[in-house]
Number of protein chains: 2
Amino acid sequence: MAIRPAEQLIHKAAWLYYAHGLRQDEVASQLNISRASVAMYLRKARETGIVNISTSTQLFTDDVMARRLEDAFGLDAVWIAPENAYLADPSTDIAVLAASVFLELVKKGDRIGVAWGRTVYTIADIMSFADLQDVTVVQLCGNLGAPYSYRPDQCTMEIARRLNAKGLNFYAPLVLSTEELAKSLRAEPVIRDQLAGIADCDLALYSVGAVDADSHLVKCGALSPAEMEALRSQGAAGVIAGQIIDASGEVLDCSYNRRVISAELASLRAIEKRLMVVQEHTKFEPLLSAIAGELCTHLVIGAHMAERLLEHAGATTRKAS
Amino acid sequence: MAIRPAEQLIHKAAWLYYAHGLRQDEVASQLNISRASVAMYLRKARETGIVNISTSTQLFTDDVMARRLEDAFGLDAVWIAPENAYLADPSTDIAVLAASVFLELVKKGDRIGVAWGRTVYTIADIMSFADLQDVTVVQLCGNLGAPYSYRPDQCTMEIARRLNAKGLNFYAPLVLSTEELAKSLRAEPVIRDQLAGIADCDLALYSVGAVDADSHLVKCGALSPAEMEALRSQGAAGVIAGQIIDASGEVLDCSYNRRVISAELASLRAIEKRLMVVQEHTKFEPLLSAIAGELCTHLVIGAHMAERLLEHAGATTRKAS
DNA sequence: CACGGCTCTCGACAAAAGTCAAATTTGCTT
DNA sequence: AAGCAAATTTGACTTTTGTCGAGAGCCGTG
């Protein structure tokens, strides 16, 4: 494991094949190995990100709807996945697009904040590998020991792994039982540094959660369905990085939020590129709140959601004028 | 030609094939076209840069020699193409590597300065296409009406074309017959603006020329072999963007240089990333001069040249101590 | 030093992708 | 509206690539 001669070979094979355009059998004879090995090396090269195959996401921003959404909501860029259209599984489509967009937004040397949820994990799961050694992926919120496979730290680590980047985990629970404990924990140097480091990120990747019994916060036991319902009547409109926000995109003033260890919204807003990805049709209101709170500068959504957003924007404008 | 529905199809095919990983026949049935068409679309997608296939150039910087060169000469990054090794045509190898490195260094929104020469044109020629709409490629030096196919403006335009970028040409001759004329021409608003814009570049791509009868300056008739020889004895050590430099990398004080319309060395030095590519073994002294004059921060060379540079650095250090 | 477990490599076959000339459509001119 | 040229699409064919199980080399261990 120490020194891997194979790594070198993979690199050479990939170079001759992809950069020089030789055929596999030509590469094989150059390197004195069988063509079958070359084929295997090339697969590894693709899998590990030694070669990058990326397709432009232009098509999805070029859409007129995307332009109108950008204008209506003051977003930097919007990508719309055509939903009903040409695809077997429409829900993965958004994730595949999001992964491509994400890889397009990442630059060498970047620091990336990653939150948690089914959406984020799905993206991590289908994201192709890349060779970005000096990138750091940081976890935006505390952990939730859950029966789920997509825990916050797993999302972070998986993305870091795919990028060949450094992963920085958060060694604290997402929610504590008392406000005092949360406060003291936040004051701990290790935790404090991590929290402080979030504002230095260049790019954030997250989704927004709905305030209902299906929320991960409920499923993971952080809140009971009843508590969730109560928060909802207090004005809870969405969940961002484990925190409850109201319709204006601000942190809701409630005990739960005071017991959470997560990135402050101000830190998130300090991040230049905030990529929000929304898969579920049910997350219309949460998304509106997130946009209102300026928690999103880059948006990836499905065509259906895009239409609803535009309708809403139209209605608001008409009412205002 | 106005609106091209094909463009859309190419994009969709590329997306399904490369991002979703469908097979060509699956893509074909999704889009209701024949598989042969899909194959054609995919080729076009690769050719136009809608999909990007890039291989990491890590292998060539990871070299110990590259590290030592970086240290010895204070360069930001060095790539070394293994010369004798595994390849049919060793001289293209450097160009292929240089093209990859170049594409790796370019970022969206960049402004790129391109000089002229066989090396630069070779790179342009083998460089793969990319989709960098908001990039601008500017020509670093005046034109030379030559019997060559690699005129300065052609280098610029070809690279711009490959990048799908905007090309900014220099509508002035490289050398004029009198110093006065050169001076007045440099004062012309069009020219002045172009010259002034060079320092705003984020990346420059050039090589260095040798001071001998084989130089393009001689072949294109800008200088006679005799004049070149005379300049050599006056201390000429290399040619950068059409200008003669001395061993310390400064502009040589001579009539020729005063008659040239090209980027000032100070402007070049203001460019953050200066990528220099040297193919010929004979350009050892010119390269040393360019490095001495800080005209290069990123360097792509062959293994042989790398060895000579290291030997030289060793000798100098030993002498100094 | 022989033994399993391990990874790496190869040959042969199956699957997928590339290619080309003919057929068809498209857009433009007369 | 007919005719023509250019571009696009297709089916049939060839070449290239992916995959799988068998075998070879390697290493620590009993």
Side-chain angles (χ1 to χ4, degrees), chain A residues 1-56 58-59 62 85-89 96 126 128-129 161 164, chain B residues 1-56 58-59 85-89 92 96 126 128-129 161 164:
Chain A
M1 210 13 122
I3 269 182
R4 196 175 312 198
E7 182 89 354
Q8 191 82 345
L9 262 184
I10 293 176
H11 227 133
K12 283 186 184 177
W15 184 252
L16 291 172
Y17 186 76
Y18 286 108
H20 280 278
L22 301 191
R23 267 183 284 105
Q24 293 192 355
D25 52 351
E26 294 180 296
V27 176
S29 64
Q30 285 277 353
L31 302 178
N32 287 316
I33 52 178
S34 79
R35 203 192 51 71
S37 298
V38 173
M40 192 211 51
Y41 286 147
L42 292 180
R43 182 161 39 73
K44 278 196 180 163
R46 283 187 300 261
E47 279 169 1
T48 56
I50 287 173
V51 316
N52 250 30
I53 302 185
S54 64
T55 70
S56 158
Q58 270 277 94
L59 180 61
D62 267 3
Y86 49 94
L87 209 74
D89 183 357
V96 171
I126 52 99
S128 62
F129 286 71
R161 195 173 72 85
N164 280 298
Chain B
M1 212 7 127
I3 269 182
R4 198 175 312 195
E7 183 88 354
Q8 190 84 343
L9 261 184
I10 293 176
H11 227 134
K12 284 186 184 175
W15 184 251
L16 291 172
Y17 186 76
Y18 286 107
H20 281 278
L22 301 191
R23 280 197 319 273
Q24 292 193 356
D25 52 352
E26 295 180 296
V27 175
S29 65
Q30 286 277 353
L31 302 178
N32 287 315
I33 51 177
S34 78
R35 202 190 52 70
S37 297
V38 173
M40 191 211 56
Y41 286 147
L42 293 180
R43 181 162 40 73
K44 278 197 179 162
R46 284 187 300 261
E47 279 170 2
T48 56
I50 287 174
V51 317
N52 251 30
I53 302 185
S54 63
T55 70
S56 158
Q58 268 278 95
L59 179 61
Y86 50 93
L87 208 74
D89 183 356
T92 8
V96 171
I126 53 99
S128 62
F129 286 71
R161 195 174 71 85
N164 280 298

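Lettering follows sequence order; numbering is per chain, from 1. Keep in mind the model is a prediction, meaning the values are calculated, not measured. No hydrogens, no waters, no symmetry mates; every other heavy atom, side chains included, goes into these values.
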Check the side chains of B/R46 and B/Y18 for a donor-acceptor pair under 3.5 angstrom, ignoring hydrogens and angles.
yes

Quick check: closest heavy atoms across A/Y17 and A/Q24, and the distance to 0.1 Å?
CE1-CG, 3.5 Å

Does A/N164 use its side chain to pair, donor to acceptor, with the backbone of A/T48 at less than 3.5 Å?
yes

Can you find a side chain N or O atom of B/S34 that sits less than 4.0 Å from OP1 or OP2 on D/dG11?
no

Heavy-atom closest pair, residues B/A13 and B/V27:
CA-CG1, 3.9 Å

Just N and O in the side chain of A/R43: are any of them under 4.0 Å from OP1 or OP2 of D/dT19?
yes

What does the list of N/O pairs under 3.5 Å between the protein and nucleotides 14-17 of chain C look like, with a distance for each?
from: C/dA16; atom 1: OP1; to: B/R23; atom 2: NE; distance (Å): 2.8
from: C/dA16; atom 1: OP1; to: B/R23; atom 2: NH1; distance (Å): 3.0
from: C/dA17; atom 1: OP1; to: B/Y17; atom 2: OH; distance (Å): 2.7
from: C/dA17; atom 1: OP2; to: B/Q24; atom 2: N; distance (Å): 2.9

Measure all distances between protein nitrogen or oxygen atoms and nitrogen or oxygen atoms of nucleotides 25-27 of chain C, and list the pairs falling under 3.5 Å.
none

Short question: side chain of A/S37, backbone of A/I33 - any donor-acceptor pair under 3.5 Å?
no

In whole angstroms, how far is the P atom of C/dC8 from the CE atom of A/M40?
7 Å

Considering all heavy atoms, the nearest B/F129-B/E47 contact:
CG-O, 2.5 Å

Rounded distance (Å) that lies between atom C1' of D/dG11 and atom CD1 of B/I33
15 Å

Under 4.0 Å: is that the gap between some side-chain N or O of B/Y41 and OP1 or OP2 of D/dT9?
yes

Which nucleotide in the set D/dT9, D/dT8, C/dC10 lies at the smallest distance from any side-chain heavy atom of A/S37?
C/dC10

Using whole Å, what does the distance between atom C1' of nucleotide D/dG18 and atom CG of A/L42 come to?
11 Å

Would you name the heavy atoms of A/A14 and A/I50 that are closest together and state the gap between them?
CB-CG2, 4.2 Å

I'd like to know if the side chain of B/H11 and the backbone of B/A45 have a donor-acceptor N/O pair within less than 3.5 Å.
no

side-chain contact (heavy atoms from CB on, under 4.5 Å) between A/L16 and A/L31, intermediate numbers included
CA-CA 10 Å; A/L16 291 172; A/L31 302 178; 4.1 Å; yes

Let's see if you can work this out: which of C/dC8, C/dT9, D/dT8 has an atom nearest to the side-chain heavy atoms of B/K44?
D/dT8

